[in-house]
Amino acid sequence: MTLLKAVRGTRDLLPPETELWNRVEATARRVFARYNFGEIRTPIFEDTQLFARGVGEETDIVSKEMYTWEDGERFEKSLLISKWLLANRSNFVEVIDKSPSGTSFIDLECKDHDGNLEYVIFAARSSHDALSGLASAVVKERALSSERRANAKVTGRLVISSPLPGGSETTTKEGLVIEAVHGSFFKSSQSLTLRPENTAGVVRAYIEHKLGETGLLQKLYYIGPQFRRERPQKGRYRQFWQIGAEVIGPPSAGSESPLRDAEVLEMLASFLDELGITGWSLALNSVGSATDRPRYIAALREALKDKAPQMCADCQRRAETNPLRVLDCKVPEDQPIIETLPRIADYLDDESKAHFAAVLVALDACGVKYEVNPRLVRGLDYYTRTTFEFTHGGLGAQNALLGGGRYDGLSEMLGGPKAPGIGFAMGLDRLVLTLQAAQSESAAALADAYIAPLSDVLNAPALELARELRCAGLKIELGDGSFRLKKSFEIGNKVARAIVLLGEDEQRSGILTVKDFASGEQRKVPRGELAGALKGPEI
RNA sequence: GCGGCUAUAGUUCAGCGGCAGAACGCCUGACUGUGGCUCAGGAUGUCGUGGGUUCGAUCCCCACUAGCCGCCCCA
């Protein structure tokens, strides 16, 4: 038996690491709540169309990184059969299901009023499997019936749900009929995808529940796993966790205001500070309206025709495939050339320029440090105007801690009302990595006390004592009466700040022996005062 | 998806074509109600998986799987 392991790009999170994850999540919830955000939880899989339309068909995420599957094929087949039978049932006196197990088609033996036999096989498509199954059934039956009933006719029919090239019916060279049945068999079948990001899902929910009808700004945050089939690397997993938030609403609610952008950025700065992450930097840019961007890309492509041949091999390729990525190049020799390329700022319309300027004014006012980076471009199609990225050194190639921006046209792209918005997503995995690097030795939070019963008969009283202390809000680890005292001390010293001895004396007198590991001080404490005596310093 | 490096004890890692190693950690005892220090003893294991070469492979070769680094892309 081969050992089953977590699949590539996924991993288990264990204590004490999970404690750090919980702290990050708790901090996010606390900080976001101060800005009046509420939590939204959307499904982990959605209709594939949502991402194709929202994120963009041409992006790497959609074109090659999604976990997508077709759902509901079984349902579709039974619909097909029932529809076909409804139309043809009167032609037959007997219908027997003879489906071989383990095949992808359903096999019916139908006998008509004249005793003729017809084999009917249903399949989603005219697959090789289904055709050969049909052919062999017919051939076999013909061989038998030639002896049994010389006059009996045996025919075969393959019913499929996909359209046929030449019309609704065609005949194979073996004389088998292939018939296409049109209808709503695909209704229950749909292409589903594990979400590669959460913004599209949030906007879908916004539209579906008509949240815009409230007239209010919706401020929603989410915490959850996302899925992309990329090559795993440090800080990059196939199942990874994001914390994100979206501010979205009708324009009348102020959703388009540059103040929203600045407020979100200021909240993020507070969040990172509160988490104790130092050394982050914020890069900011505007990619303009939905019409500005294509104009800029065209200009960039034009400029690169001359410049690209002098650049690195990667850039030469990017110039063709994805010119915006040239701006991201890190090769030192290419930097002077990149400086000479057209800047997106020069291609913004006046409204976008004014919007961006207002964002900067608001940020300056509240003292959030940033750097305008005219080269900052984002990979998802829905971004407009303000885009940003918080980076942190020490994350290797995956230095983006958090990214986001405005998406003024996304709702319309998904068939919803006009609902401008701005949001971000941060990589929780990367955030935790950064925190772990910062606090080299993350001391696991010790229990307030370790209770050591000194014999087996004291186990039950020890549990009672533990319950008492736990009810008082203390974090208690419970030992075992079979341990030798030395062992109890050794374990206690590892997992708790203090040890409480429960021996026969203590049980009788109700006065417990408590020893603090840090100071080595040992004292007798009446049971009633124990909880107070063990209360640790607030962390 | 492409290129490079790696895979040995719970952990970090040495090692060698011929009995599987160290440090830390773990267990037992010296010490029957007092930890950290010390001393004595002990257990670690599919040497990532599968094939090949060889009398013999943890070691050499191939494939696979996984991880790390870079690219791509992104959070």
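Please read all numbers here as calculations on a predicted model, not as lab measurements. Residue numbers begin at 1 in each chain, while the letters A, B, ... track the order of the sequences.
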Rounded to whole Å, the CD-C1' distance (Q242(A) to C74(B)) equals 9 Å
Notebook entry, point to check: With rounding to whole Å, what would you report as the distance between C26(B) and G21(B) at their P atoms?
Noted result: 23 Å
Ranking A75(B), G1(B), C26(B) by distance to the side chain of A425(A), first place goes to A75(B)
Query raised in the report: With sugar-phosphate meaning primed atoms plus P, OP1 and OP2, does F517(A) contact a base, only sugar-phosphate, or nothing at under 4.0 Å between heavy atoms?
Result: base
Pairwise P distance, G15(B) and C71(B) [rounded to whole Å] = 30 Å
Point to revise | E263(A) and R260(A) ion-paired at < 4.0 Å | key: yes
*Using the P atom on both, measure C5(B) against C60(B) and round to a whole Å.*
14 Å
| Inter-nucleotide C1' distance (C16(B), U58(B)), Å rounded | 9 Å
Same-atom distance (C1') from C31(B) to A40(B), integer angstrom | 13 Å
What does E490(A) touch in the nucleic acid at a heavy-atom separation under 4.0 angstrom: a base, only the sugar-phosphate, or nothing?
sugar-phosphate
- request: Under the side-chain hydrogen bond (donor to acceptor under 3.5 Å, both in side chains) rule, what do N493(A) and Y450(A) come out as? Steps first, then yes or no, please.
  value: CA-CA 8 Å; N493(A) 192 31; Y450(A) 178 88; over 6 Å; no
*Looking only at side chains, do T199(A) and E246(A) share a donor and an acceptor under 3.5 Å apart?*
yes
Atom NZ of K64(A) and atom C1' of C71(B) are separated, to the nearest Å, by 12 Å
Using the six-membered ring of F483(A), assess whether NZ or CZ of K487(A) lies under 6.0 Å from its centre and within 45 degrees of the ring axis.
yes
Does Y237(A) have R11(A) sitting over its ring (NZ/CZ under 6.0 Å from centre, angle to axis within 45°)?
yes
Rounded to whole Å, CG of D60(A) lies from P of C71(B) at a distance of 15 Å
Is K535(A) salt-bridged to D448(A), going by a charged N under 4.0 Å from an acidic O? no
| query | Contact class for G404(A) (heavy atom, under 4.0 Å): base, sugar-phosphate, or nothing? | reply | nothing
What interatomic distance, in whole Å, is found between P of A9(B) and the corresponding atom of U53(B)? 28 Å
Grab the N/O contacts between the protein and nucleotides 66-68 of chain B below 3.5 Å, and write none if there aren't any.
{"residue": "A66(B)", "atom": "OP2", "partner": "R8(A)", "partner atom": "NH1", "Å": "3.4"}
{"residue": "G67(B)", "atom": "OP1", "partner": "G9(A)", "partner atom": "N", "Å": "3.0"}
{"residue": "G67(B)", "atom": "OP2", "partner": "R8(A)", "partner atom": "NH1", "Å": "3.3"}

E197(A) CD to C74(B) C1', in whole Å, measures 11 Å
Keeping the roles fixed (side chain from T193(A), backbone from R195(A)), state whether a donor-acceptor pair exists under 3.5 Å. no
Q.
Does F517(A) have more than 12 heavy atoms from other residues, nucleotides or ligands lying within 6.0 Å of its CZ?
A. yes
Base, sugar-phosphate or nothing for R11(A)? Non-hydrogen atoms, less than 4.0 Å.
nothing
Rounded to whole Å, CZ of F489(A) lies from P of C37(B) at a distance of 15 Å
Rounded to whole Å, the CG-C1' distance (L376(A) to A75(B)) equals 13 Å
Atom CD of E389(A) and atom P of C74(B) are separated, to the nearest Å, by 10 Å
Problem - Rounded P spacing from G50(B) to U32(B) in Å - result: 49 Å
Here the distance between atom P of U34(B) and atom NZ of K515(A), to the nearest Å, is 10 Å
Taking any heavy-atom pair under 4.0 Å as a contact, classify G492(A): base, sugar-phosphate, or nothing. nothing
Q | Proximity of Y221(A) and F32(A) rings by center, below 6.0 Å | A | yes
Reading nucleotides 28-33 of chain B from 5' to 3' and marking B where a protein heavy atom lies under 4.0 Å of the base, S where only the sugar-phosphate is that close, and - otherwise, the string is SSBS-B
Check: T10(A)/R238(A) side-chain N/O donor and acceptor closer than 3.5 Å: no
